[in-house]
Amino acid sequence: MSSGPPSQLPADFQPFREAIEQSLDRYTSPVEGCPERLTASIRYSVLAPGKRLRPLLVLLACEAVCGQWEQALPAACAVEFIHVYSLIHDDLPAMDNDDMRRGRATSHRQFDEATAILAGDGLQMLAIETLCRDIPASKALDCCHILSKAAGRGRLVGGQADDLAAEGRFGGVREREKNPLEFLKSIHKRKTGAIIEASLQLGGVVGGASLDHLRYLAQYGQAIGLAFQIADDCLDVDGNIDQLGKNTRKDSTLGKLTYPSLLGLDGSRRLAGQLVRDACDAVAVFKERSHHLVELAKFVVERRS
Ligand code: GRG
């Protein structure tokens with residue numbers, strides 16, 4: 001284990017990362033009936049340089065519960081497909097209206113809006129198709145349930161809707177005025193946290209985790225999900241556009257409710273640090289096998305991109 005918190009992932013993550021990249025490439029290769037332009041747009045967004053945080057979490061959770069992490073690759077890709085769809089749709093003019101993502105033009109800028117919408121739609125179904133086909137039948141139903149629930153109206157989509165409402169859009173009542181910190185937590189628990197928590201659960205299920213072990217993984221996921229969002233808010237304030245590959249200072253420009261706006265930068269970073277310690281405590285039960293999860297938790301708050 002490295003002594004200090006890593007700002008880049010250590011070299012021993014390389015085998016996981018390579019396996020993820022190869023699998024993403026394979027799963028997004030052309031299929032009959034999918035127009036070339038749609039395949040190109042899907043591959044453009046999926047194969048763009050992302051951190052692969054969520055697929056890594058799937059593999060590391062599987063490893064922590066003594067599973068064979070290679071068997072969790074379909075679930076790792078499925079969760080990345082959902083994540084990428086959410087980024088493509090979030091960037092659309094009707095949502096965040098962004099022109100840069102992962103250091104490149106956003107999908108609707110590179111292609112067009114209809115293509116970007118369809119790429120996102122295609123990725124949602126590719127996620128479910130991948131789980132149904134490539135996870136053993138005894139575990140596929142649980143995996144589909146976990147991922148579809150996390151990506152659904154009560155979590156990812158609901159959190160996104162409330163986030164828009166907080167900006168006074170989506171016909172929004174300004175709930176944020178009543179208890180801003182609780183409102184912010186509730187949005188991010190759904191919008192960011194749910195998919196991160198689901199990643200841990202998917203890895204656990206594929207690895208054959210007991211119910212107790214699934215609970216510890218979920219606790220780790222909830223803590224780093226929130227820490228990740230806090231770090232993201234901080235990077236919007238003090239991050240560098242070249243390192244991040246996306247526009248910064250958007251939140252403050254839009255007057256968005258964020259952790260730094262409520263707790264200040266130092267207070268936000270302190271809270272993120274505490275959450276990382278909570279996450280590491282939750283997986284201490286896995287002893288040496290939690291080593292990579294601990295490294296990744298540190299990376300989540302120390303990253304500069
Ligand atoms: C459209 C239903 C729907 C939801 C969109 C993903 C999302 C919800 C919004 C993106 C805006 C945002 C800042 C979300 C919070 C943090 C987040 C998900 C950041 C992006 O994830 P990273 O940093 O991205 O892991 P990479 O590109 O590295 O995979």
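In each ligand, atom 1 is the first atom listed, and ligand 1 is the first ligand listed.
- Contact annotation: for Arg52 versus ligand 1, there are no heavy atoms closer than 4.0 Å.
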Practice problem: For His292 and Asp12, run side chain to side chain donor-acceptor pair (under 3.5 Å): C-alpha distance rounded to whole Å, both residues' side-chain angles, the deciding distance at 0.1 Å, then the answer. | Solution: CA-CA 9 Å; His292 284 126; Asp12 58 339; 3.0 Å; yes
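- Counting the atoms of ligand 1 from 1 in the order shown, those under 4.0 Å from a heavy atom of Tyr85 are 2 (C).
- Of the listed options Arg102, Met95, His83, Gln160, Arg102 places a heavy atom closest to atom 27 (O) of ligand 1.
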Quiz item: When you look at Asp238 and Arg269, which way does the salt bridge (charged side-chain N to carboxylate O under 4.0 Å, His left out) test go after all the steps?
Solution: CA-CA 12 Å; Asp238 66 1; Arg269 291 248 180 239; 3.5 Å; yes
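- Here Arg215 pairs with Asp212 in a salt bridge; the nearest charged N to carboxylate O distance falls below 4.0 Å.
- Using a 4.5 Å heavy-atom cutoff, the side chains of Ser45 and Leu87 are not in contact.
- The His89 neighbourhood of ligand 1 comprises atoms 1 (C), with distances under 4.0 Å to a heavy atom of that residue.
- Within the 4.0 Å heavy-atom criterion, neither part of His188 lies near ligand 1.
- Nearest to atom 10 (C) of ligand 1 by heavy atom, out of Asp163, Ile195, Asp90, Leu53, is Asp90.
- Close contacts between ligand 1 and Ser86 involve ligand atoms 1 (C), 4 (C), 5 (C), 6 (C) [criterion: under 4.0 Å to a heavy atom].
- Of the charged side-chain nitrogens involved, none lies within less than 4.0 Å of a carboxylate oxygen, so that Arg102 and Asp91 do not count as a salt-bridged pair.
- Taking the ring axis of Phe228 as reference, the NZ or CZ atom of Arg54 stays within 45° of it and closer than 6.0 Å to the ring centre.
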